[in-house]
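Throughout, a chain's letter reflects where its sequence line sits, starting with A, and its residues are numbered from 1.
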2 protein chains.
Amino acid sequence: MTESGRRPRADARRNRERLLAEADAVFRAQGTNASLEGIARRAGVAIGTLYAHFPNRRALLGALLHQRNDALFARGADLLDEPGAAAALTAWVHAVIAHAAAYQGLAAVLAEGVDDEASELHQACVEMTDIGDRLIARAREAGALRREATGADIFALMNAAAWVAEQMSADQAGRLVELAMAGLLVPSS
Amino acid sequence: MTESGRRPRADARRNRERLLAEADAVFRAQGTNASLEGIARRAGVAIGTLYAHFPNRRALLGALLHQRNDALFARGADLLDEPGAAAALTAWVHAVIAHAAAYQGLAAVLAEGVDDEASELHQACVEMTDIGDRLIARAREAGALRREATGADIFALMNAAAWVAEQMSADQAGRLVELAMAGLLVPSS
DNA sequence: ACCTGAACACCGTTCAAGT
DNA sequence: ACCTGAACACCGTTCAAGT
């Protein structure tokens, strides 16, 4: 319990920051399943210290993603105000795929988080789905949809494409998105 | 090296079969990353025996999938002879997704296998892509395509949908397939 | 020819003892 | 209040010794 009082001790605060910095570097290089032992070692602390600050891997990941999520949701809010509803939806899909490309394995964590209320990433996943729902509603009102779809459908597409980018290539993921968006949207020209 | 001579010893043959049977049961229940130690224990052999028969996890998986693959490719050959080119392509996509649903985690192994020539599943992945290419060509000739696509695109879609089925639900995977196929195919009615 | 199981090198997670 | 690191329970993989 390192968050009980108000001001964390200076060494605790420094350890937390070093852990986050090393975790980011290691997750970037080795993916979300990298060894926590290795992260603690690189941060110069014992493994118990890592667990004291972050009770599990998802908590560590959630702390790392927090800033990035804020930027992503700000982008979502911007897109909701942009004129072209279809283009905004497409831009949103690409933004989330780029977001999920931060660490290999992140797509699976996000896909798990949307259904698991205990996940530290649950709230972020729900917000992503919600933004998708609203962008879909705008596109529908603009007459830009060929067929019905939900925020959950958009969430599934984004995560599937992020997974394809991890497993195969970003190009292949892009082609999957083009295919699905062509199925969703009225041809523009 | 248990395959050097012609006739394997009777006990070796029995162990191999028991290992395959238990591996199938365990992979079904726990996915492709289940403990190999546990499989050996259930089969009543030491862990070294499992490794003597199957040098790694993919080899065990490849042996398990062999029969199933034959059935899948036979289905592919049938579909290449069926009249409706677009319906045949759609049926193929669903057949592979059902195939990949055998074990949780199989989609990732297949996605990895298509690029990794050393994988025991490489050949099967190449064949799947090839069947996709041929079904696409037939659909193109029949004027059933709205846009270009390749066997690799179909392979990516199939595996992405199989992954969505694992992580979210078969329903969600089905909606992804519908979206992508609507983007690929000329509306039928 | 095949099987056994100890040995090795690695994990994640907890918790008593320290400072 | 926080940190340490040994302890525990688990892996995958190899290989000398057996039958």
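Side chain of A:D11, nearest nucleotide from C:dC2, D:dG5, D:dC2: D:dC2.
Residue pairs meeting the salt bridge (charged side-chain N to carboxylate O under 4.0 Å, His left out) criterion with at least one member in residues 90-112 of chain B, sequence neighbours excluded, do not occur.
In this structure, B:H53 reaches the C:dC3 phosphate: one of its side-chain N or O atoms is under 4.0 Å from OP1 or OP2. In terms of phosphate contacts, B:N15 brings no side-chain nitrogen or oxygen within less than 4.0 Å of OP1 or OP2 of C:dC2.
Residues satisfying the side-chain hydrogen bond (donor to acceptor under 3.5 Å, both in side chains) criterion with A:E117, sequence neighbours excluded, are absent altogether. With sequence neighbours excluded, the residues satisfying salt bridge (Lys or Arg N to Asp or Glu O under 4.0 Å) with A:D130 are A:R134. Legend: residues meeting side chain to side chain contact (heavy atoms under 4.5 Å, CB included) with A:R14, ordered by chain and number and at least two apart, are absent. Legend: residues meeting side chain to side chain contact (heavy atoms under 4.5 Å, CB included) with A:A59, ordered by chain and number and at least two apart, are A:F54, A:P55, A:N56, A:E120. With sequence neighbours left out, the side chain to side chain contact (heavy atoms under 4.5 Å, CB included) criterion links B:A108 to A:W163, A:Q167. With sequence neighbours left out, B:E17 forms a side-chain hydrogen bond (donor to acceptor under 3.5 Å, both in side chains) with B:R13.
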Quiz item: Which nucleotides of nucleotides 12-19 of chain C have their base under 4.0 Å from a protein heavy atom (B), which only their sugar-phosphate (S), and which neither (-), written as one string 5' to 3'?
Solution: SBBB----
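If you take CZ of B:R13 and C1' of C:dC3, they are 18 Å apart, rounded to a whole angstrom. Regarding A:R41, its CZ atom lies at a distance of 14 Å from the P atom of D:dT4, rounded to whole Å. For the pair B:L50 CG and C:dG5 P, the interatomic distance rounds to 15 Å; values are reported in whole Å.
Salt bridge B:D24/B:R68: present, at least one basic N to carboxylate O contact under 4.0 Å.
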Quiz item: Pairing of DNA chain C as dot-bracket, 5' to 3': ( ) intra-strand, [ ] crossing, | other strand, . unpaired, with Watson-Crick or G-U pairs under 3.5 Å?
Solution: ||.|||||...|||||.||
